[in-house]
Amino acid sequence: MAVEVSYGEERRFELSVGEVTGAVGDSVTVLPVVVAVAALTDLRLPVLLLGFAAFQVVWGLRYGVPVSVEPMKALAGLVIAGTLTAGELLSAGLVAGGVLLALGTTGAVGRLTDAVGEPVVRGVQVSVALLLARTGLDLGVAAPATAAAAVGVAGLAVALGHRRASALAVLTLGVVVAAVDVGVPTPGVPSLSAGVPLFAGGVAVALTDDALAATAGQLAMTVGNAAVATSLLLSDLYDADVSPDDLATSMGAMNLLAVPFGAMPMCHGSGGVAGKHAFGARSAGANLVLGLLYAVAALFAADLVAAFPLAVLGVVLALVAVELGRAGLATDDRWLAVGVGALGLVTNVGVAFLAGTAAYQLRRKL
C-alpha cells in the first residue's frame, strides 16, 4: 500500500514499504563513514546526522526524485586515516562548496570533467580506499578478538546475499556493544554552534596546504561522480532532467550553508541513487523517510559514539574501503587508476590528482 502526495509542478512523492527500504539502501555507506569521523575527531555525531537529515529532505523535494546526500568520501577518508584534522576537513568543505557553486552557476562542470579524465577520478577513489584499509587494519590489530567477531558478522551478511549491507550489519554490532557498555541512551537536543566559519561546530577551521590538496582530489571525485554520473543515473532510472550543473550548484549551496555549523562536507552521488533504487525507492519519499531516521538517530547518538569499539570500526572501514576500491577499479584504464591510487597512498591525494591529470592529458596528446 502506498500513499501518494503531489506538490509543485508535476512533482510527487510516495510513502510505501519500497520507499522505506530504499532509504536504508542509501544509508549503507553513509552511516559507517559518519560514525567513524565522529568517533575519531571532535566533530559531534548528532550535528553531522542533522546535516544529512535536513538535506535529504531539501533535495528530495527540490528535485522530486530519490537524489542522494552522502559524505564527501575523499575528505572523510583522509580525516579517518589521520591525514587531515577536523578543522582542515571543515575548511576543505567550505572551499569545495564555493568552487562547486561557482562551477555550477557558470555551467563549467562538463568542461572540467573532460580535462581531469575518468581514470583520474577513479584513481582518487582507489587512493582513499587504500588509506581507509590501512587505518582499518591498524584499529583491528589493537583488539583482534573484537575485530574477528565483526569480520564474522560481515561474512555472514555476505553469505546470505547482502553484501551491500555488510558494513551496516557490522555497524549494528558496534552499536549493540556500545549500548551494553553505556546502557540505553537518553534523548537529547544537539547544540549547534553559531554560524561563524572561523570556529565551526566548536572546531577551529584550518586552511592549510594539505586541506587545499585534499580539496582538489575531492573535487575530481565530486564533479565526476556526484555531478556527471549522478545526473546520468537519475535520467536512466527515473527519467529525470537534472543537469550536472544543477547538482554542482546544490552541492555548493549545501556545504556553504551547513559546514559553518560543524556539519560534514556533503555531496550527491551515483552510489546512493543506485542504492535507493535497488532497495525499492521510486520517489522522493525515500528522502523524507531517511531524513526522519537521521533526525531520530541524532537525538540518541551522542552517548553511543563515545563507547563505539574502535576494532569494530576498523572492520567497517575495511568494508567501506572494499566498496570504494571496487568503484575505483571500474574503468577501462585500470593502470592509470591504480597508479594514481598508489601515489596517493605514499604521498597525498592532491599530489596524486595533479600528477594523474597531467599524465592523462599527456597521453591524450600522444
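- Without hydrogens or angle criteria, His268 side chain to Val69 main chain gives no donor-acceptor distance under 3.5 Å.
- By the rule that hydrophobic residues join a cluster once side-chain heavy atoms approach within less than 4.5 Å of another member, Val151 and Val153 end up as members of one cluster.
- Interatomic distance, Met72 CE to Asn255 CG, rounded to the nearest 0.5 Å: 4.5 Å.
- For the atom pair CG (Leu234) and CG (Leu247), the distance works out to 6.5 Å, reported to the nearest 0.5 Å.
- Under the 3.5 Å distance criterion, the side-chain polar atoms of Glu88 are matched with a main-chain donor or acceptor of Thr85.
- The closest donor-acceptor contact from the side chain of Gln218 to the backbone of Ala74 lies under 3.5 Å.
- Leu84 has its side chain within reach of Leu75: a pair of non-hydrogen atoms, C-beta onward, lies under 4.5 Å apart.
- Between the CD1 atom of Ile80 and the CZ atom of Arg134 there is a distance of 13.5 Å, given to the nearest 0.5 Å.
- Across every non-hydrogen atom of Ala154 and Val170, the tightest pair is CB-CG2, 3.7 Å.
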Could you go through the side chain to side chain contact (heavy atoms under 4.5 Å, CB included) check for Val315 and Leu173 one step at a time? CA-CA 11 Å; Val315 176; Leu173 171 65; over 6 Å; no
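- Leu137 and Val126 are not part of a single hydrophobic cluster, where members link through side-chain heavy atoms under 4.5 Å apart.
- Tyr238 and Ser283 share no donor-acceptor pair across their side chains, judged by distance under 3.5 Å alone.
- Shown here for Val65 and Asn287, the closest heavy-atom pair between the two residues is O-OD1, 3.8 Å.
- You'll find the side chain of Asp246 reaches within 4.5 Å of the side chain of Tyr63, heavy atoms only.
- Heavy atoms only, all atoms of each residue included: Gly104 and Ala248 are closest at CA-CB, 3.9 Å.
- Between Arg363 and Asp333 a salt bridge is recorded (basic side-chain N to carboxylate O distance below 4.0 Å).
- Smallest separation of non-hydrogen atoms from Gly174 and Pro309: O-CD, 3.6 Å.
- Under a 3.5 Å cut-off, the side chain of Asp241 and the backbone N or O of Ser235 do not form any donor-acceptor pair.
- Distance OG1/Thr249 to CG/Leu103: 9.0 Å, rounded to 0.5 Å.
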Take Val58 and Phe55, measure what side chain to side chain contact (heavy atoms under 4.5 Å, CB included) needs, and give me the verdict at the end. CA-CA 5 Å; Val58 167; Phe55 287 104; 4.1 Å; yes
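- Both Val223 and Leu354 sit in one connected hydrophobic cluster of ILVMFWY residues. Membership requires side-chain heavy atoms under 4.5 Å apart, directly or through other members.
- Atom CG of Leu139 is separated from atom OG1 of Thr146 by 12.0 Å, given to the nearest 0.5 angstrom.
- Taking 4.5 Å as the limit, every side-chain heavy atom of Phe353 sits out of range of all side-chain heavy atoms of Val340.
- Nearest heavy-atom pair across Met251 and Cys267 is SD-CB, 3.5 Å.
- Leu89 and Leu212 fall within the same hydrophobic cluster, where Ile, Leu, Val, Met, Phe, Trp and Tyr residues are linked whenever their side-chain heavy atoms come under 4.5 Å apart, directly or through other members.
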So Thr135 and Asp138, side chain to side chain donor-acceptor pair (under 3.5 Å) or not? Walk me through it. CA-CA 5 Å; Thr135 302; Asp138 291 341; 5.6 Å; no
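- Closest approach of Phe52 to Pro71, counting heavy atoms only: CE2-N, 3.6 Å.
- Linking Ile, Leu, Val, Met, Phe, Trp and Tyr whenever their side-chain heavy atoms come within less than 4.5 Å leaves Leu78 and Val322 in two separate clusters.
- With hydrogens and angles ignored, the 3.5 Å screen pairs a side-chain donor or acceptor of Thr41 with a backbone N or O of Leu43.
- In this structure, the side chain of Gln56 does not engage the main chain of Gly291 through any donor-acceptor pair within 3.5 Å.
- Leu50 has its side chain out of reach of Tyr294: every pair of non-hydrogen atoms, C-beta onward, lies at least 4.5 Å apart.
- In this structure, the side chain of Thr331 does not engage the main chain of Arg334 through any donor-acceptor pair within 3.5 Å.
- Ser231 contributes a side-chain N or O that, together with a main-chain N or O of Val242, makes up a donor-acceptor pair within less than 3.5 Å.
- Atom CG in Leu130 sits 5.5 Å away from atom CG in Leu345 (nearest 0.5 Å).
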